[in-house]
Number of protein chains: 2
Amino acid sequence: MIKNTRRVQRGEASLSRERIIEAAIALLDGAGESGLTFRALAERLATGAGAIYYHVDNKTDLLNAAADAIVAAVLPAPAAPATGDAPVVTAPDASVAAAADASPQTAVRAIALAVFDAIDGHPWLGSALMQAPSALPMVRILESLGQQIRALGVAESAQWQAVSALLHYIIGVAGQNAANAQTARARNAVRDDFLGAVADGWAQLDAVHFPFTRGIAARLRVHDDRADFLAGVDYILTGVSTAGL
Amino acid sequence: MIKNTRRVQRGEASLSRERIIEAAIALLDGAGESGLTFRALAERLATGAGAIYYHVDNKTDLLNAAADAIVAAVLPAPAAPATGDAPVVTAPDASVAAAADASPQTAVRAIALAVFDAIDGHPWLGSALMQAPSALPMVRILESLGQQIRALGVAESAQWQAVSALLHYIIGVAGQNAANAQTARARNAVRDDFLGAVADGWAQLDAVHFPFTRGIAARLRVHDDRADFLAGVDYILTGVSTAGL
DNA sequence: ACCTGAACACCGTTCAAGT
DNA sequence: ACCTGAACACCGTTCAAGT
């Protein structure tokens, strides 16, 4: 009687950090932030919960690794992969890399949009980046932006503030869009319907205390997240150029 | 034999939404985001966990109410308190209200700093605002900023994008500083020591792939969060003025 | 109407025991 | 070296039962 040891089967590799990260991303994409559980992960990987800890420090480590896999795939690698567990996800398209010979402003916009779109596709990434402002994925974005800010000719003494403002803005928008997506998901609503409901709430606010919010409610209903996001990037780029060169 | 019913004692009012929010803030300030627990809350209020649910929908509701109490106290009320549960916290100082007769730019900076300082004092507020981008506390900030953007003379068609960029930036920085504070707390380190460790890590990065980040590490060690934050606000204000008037 | 507190259905993490 | 899976110490939330 032939007994297959479970671990070595056709194609299915044994448990590894890489396979765990892959499964974590699948869980996060499929069921949102709350879908990532060591028990769900163990079931999907056909192993015990404890085994995962042999390859991963803890949940924070796992979430950071998942985030880094996405960010590394989406940003132009500075030259070559910097860490061992980078290419779990295949790069969707090389649009950012293609912008290498464009103006620094164009390149900054491309980086910003790459991050924005990545989070649009993986809302959990927004909270992950927000929670770990110093981890490797953030450093990747910082580095990409920084190289362009240098190319822009910003004085060295102003580079930190310029990059810092861009980075905080990009991650800030990302985090809030992620939160919106998460809230919409929790209510089993589509994002647009959810924002429509928010707009309804704003329109009904007290006219004496909230005149501006009431007036702007209609715009919330028809706004374009991506365009608004880019407008903010351009505000900052304009401000940086005016102040810093 | 005299038996005191526990509920009505000298000064100690019976359980109410207001007392619950007050206790929640104390817990959050004292022990961070993870310190807010229905069991800890019940103990502090000398009641059962279930009783709290009689006055509060769930944990999200409670967190939003706590956040709103702080934000409402810190921002200039548009005219008069808009909700019932506003003044749980007494306003620390009326610096923002005093800026009413200054220029719109100055007023925007004052609002931004008020939010920044509130989150500096209550790091959990950053994540709370980030998690609930449509709740009342955010609307308060939106309204305050919006009124100043109007006063600035921004064309109506551009007002949404201008306010949206400012709001996202302010809350984004807030959220990330909150995350830094939380991480530092989790490691039992002071914020500055934590950032110092991050800077050390940056300085040791691979020079080929991370030239910018390596170069900027020294600045991270000596930077001033508040000044950097304000620089970002000014970038956006400059951009808005250049593009929108 | 308001409160009690046990119970339910989960978590992340650890660890003795196996192979 | 790597994996198992029960156990531990928690969570938020519910709900029958009390006053």
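Side-chain atoms of A/Leu136 and A/Val71, non-hydrogen and from C-beta on, never get closer than 4.5 Å to each other.
Remark: C1' of C/dC3 and CD1 of B/Ile20 are 11 Å apart, rounded to the nearest angstrom. Counting to the nearest Å, the P atom of D/dC11 and the NZ atom of A/Lys59 are 16 Å from each other. Taking atom CZ of A/Phe38 as the reference point, atom P of C/dT13 lies 5 Å away to the nearest angstrom. To the nearest angstrom, C1' of C/dC11 lies 14 Å from CD of A/Glu33. Rounded to whole Å, atom C1' of C/dC11 lies 16 Å from atom CD of A/Glu43. Note: CD1 (B/Ile52) to P (C/dC3) measures 10 Å, nearest angstrom. Regarding B/Asp61, its CG atom lies at a distance of 14 Å from the P atom of D/dG12, rounded to whole Å. Straight-line distance from the CZ atom of A/Arg39 to the C1' atom of C/dG12: 7 Å, rounded to whole Å.
Side-chain atoms of B/Tyr53 lie closest to D/dT13 of the nucleotides C/dT13, D/dA1, D/dT13. Here the side chain of B/Ala49 is nearest to one of D/dT13, D/dC3, C/dC3, namely D/dT13. Checking D/dG12, C/dC3, C/dG12 against every side-chain atom of A/Thr37, the shortest atom distance belongs to C/dG12.
OP1 and OP2 of D/dC3 both lie 4.0 Å or more from every side-chain N or O belonging to A/Tyr54.
Between atom CG of residue A/Leu195 and atom CH2 of residue A/Trp202 there is a gap of 8.5 Å, rounded to the nearest 0.5 Å.
Base pairing annotation: D/dA7 forms a Watson-Crick or G-U wobble pair with C/dT13, both donor-acceptor distances under 3.5 Å. A 3.5 Å limit on both hydrogen-bonding distances identifies C/dG18 as the Watson-Crick or G-U partner of D/dC2.
A side-chain contact (heavy atoms from CB on, under 4.5 Å) with A/Met138 is found for exactly one of A/Asn64, A/Asp68, A/Ile171, namely A/Ile171.
Taking the six-membered ring where tryptophan is involved, the planes of B/Phe229 and B/Tyr169 are essentially parallel, since the angle between them stays under 30° and well short of 60°.
The minimum heavy-atom distance linking A/Val115 with A/Val74 is given by the pair N-CG1, 4.5 Å.
Contacts of B/Leu36 with the nucleic acid, taken as non-hydrogen atoms under 4.0 Å apart, involve only primed sugar atoms and P, OP1 or OP2.
DNA chain C is contacted by both A/Asp57 and A/Ser34; A/Ser34 maps to the nucleotide lying nearer its 5′ end (nearest heavy atom per residue).
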